[in-house]
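As structure tokens, the structure follows; a few thoughts come after it.
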Amino acid sequence: MMDAARVQELGGALFAALEGCHTRPPLTSDNPAISIDDAYRISLDLLARRRQSGERLIGKKIGVTSRVVMDMLGVHQPDFGFLTDAMQVAEGSMVAIAGRLIQPRAEAEIAFRLKSDLTGPGVDEAAVIDATASVHPCFEIVDSRIADWNIRIEDTVADNASCGVFVLGDGAADPMDFDFETCGAVVWKNDEIISTGAGAAALGSPVTAVAWLANTLGRYGICLTAGDIILSGSLVPLAPALPGDRFRMKIAGLGSTTINFA
């Protein structure tokens, strides 16, 4: 197990990269023996620093849930992280990349808003549905503090699952009536369709992904809590975002959302 001083040092280094909008070498290159448990402790240190700076915890996220994203990043298991109020931007926002993001990529997914707690282990898909108030279309803009996205699973877990910002669409659906597996997603970049996908891309179902997250975090004594926003993982390949780009996505039965970059 990595000693506490090293955990704090690496958490501080990632926080400095976040604040300064710069990258750093992979943690796994300097710390070849780092484990996922070590990475999670670093992630919690990073979260504590964000909260000390005034950010408020509003949810959690799961990432690297689809085979296409796993293959793109070379990471072959899901990761997990935390959402704060500073990460959420309004529908249709103009997000300035300079000074906020480093190497952003857009992904379309389904967000869950919980009405009751989910505490693993032992959470199944039925429990997820019962605990969910509504589901929403979502763009997550992932952004790695690791140079050139050269990440292993330990790097992305430590770096808060490579989360940048996210936006929820205005549409919503009742989880009891929504087809999570076969719903179709379409993504446009600058009015051109760049990708399509389906709910089954996220570990077979976004509901399964949320159950995985609840059970994984439960091993660390963390629960998904009522009121949380939970991002369930991308349904499409990640798309790089540059100043001047406009992204729009639509998920059948949920509606659409947009985000713009300057």
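On a predicted model such as this, the values are computed, not experimentally measured, just so you know. The figures that follow rest on heavy atoms only: side chains count, while hydrogens, waters and symmetry mates do not.
Inspection of the Asn190 and Asp245 side chains reveals an N or O donor paired with an N or O acceptor under 3.5 Å. Using a 3.5 Å distance cut-off with no hydrogens or angles, the side chains of Glu181 and Ser205 do pair a donor with an acceptor. Side chains of Glu109 and Ser234: a donor-acceptor N/O pair is absent below 3.5 angstrom, by distance only.
Remark: Phe180 engages Phe112, Phe178 in a ring-ring contact (aromatic ring centres under 6.0 Å, His included) (not counting sequence neighbours). Taking the salt bridge (Lys or Arg N to Asp or Glu O under 4.0 Å) definition, one finds that Asp30 meets it with Arg24, sequence neighbours left out. Residues satisfying the side chain to side chain contact (heavy atoms under 4.5 Å, CB included) criterion with Glu55, sequence neighbours excluded, are Arg50, Ser53, Thr84, Asp85, Ala86. For Asp155, the side-chain hydrogen bond (donor to acceptor under 3.5 Å, both in side chains) partners at least two apart in sequence or on another chain are Thr28. Partners of Asp37 according to the side-chain hydrogen bond (donor to acceptor under 3.5 Å, both in side chains) rule, which considers only residues two or more places apart in sequence or in another chain, are Tyr220. Listed by chain and number, the residues in a side-chain hydrogen bond (donor to acceptor under 3.5 Å, both in side chains) with Thr225 are Asp228 (sequence neighbours excluded). Partners of Ser162 under the side chain to side chain contact (heavy atoms under 4.5 Å, CB included) rule, at least two apart in sequence or in another chain, are Ser144, Trp149, Ile151, Thr156, Asp159. Arg41 is linked by a side-chain hydrogen bond (donor to acceptor under 3.5 Å, both in side chains) to Asp38, counting only residues two or more places apart in sequence or in another chain.
Counting only residues at least two apart or in different chains, side-chain hydrogen bond (donor to acceptor under 3.5 Å, both in side chains) contacts with residues 208-219 comprise Glu125-Thr208. Every pair passing side-chain hydrogen bond (donor to acceptor under 3.5 Å, both in side chains) that includes a residue from residues 9-20 is listed here, sequence neighbours excluded: Arg6-Glu9. Applying the ring-ring contact (aromatic ring centres under 6.0 Å, His included) definition to pairs two or more places apart or across chains, none involves residues 10-37.
Think of Met87 as one node in a network of Ile, Leu, Val, Met, Phe, Trp and Tyr side chains linked at under 4.5 Å; its network also takes in Ile58, Leu83, Phe166, Leu168, Ile229, Leu231.
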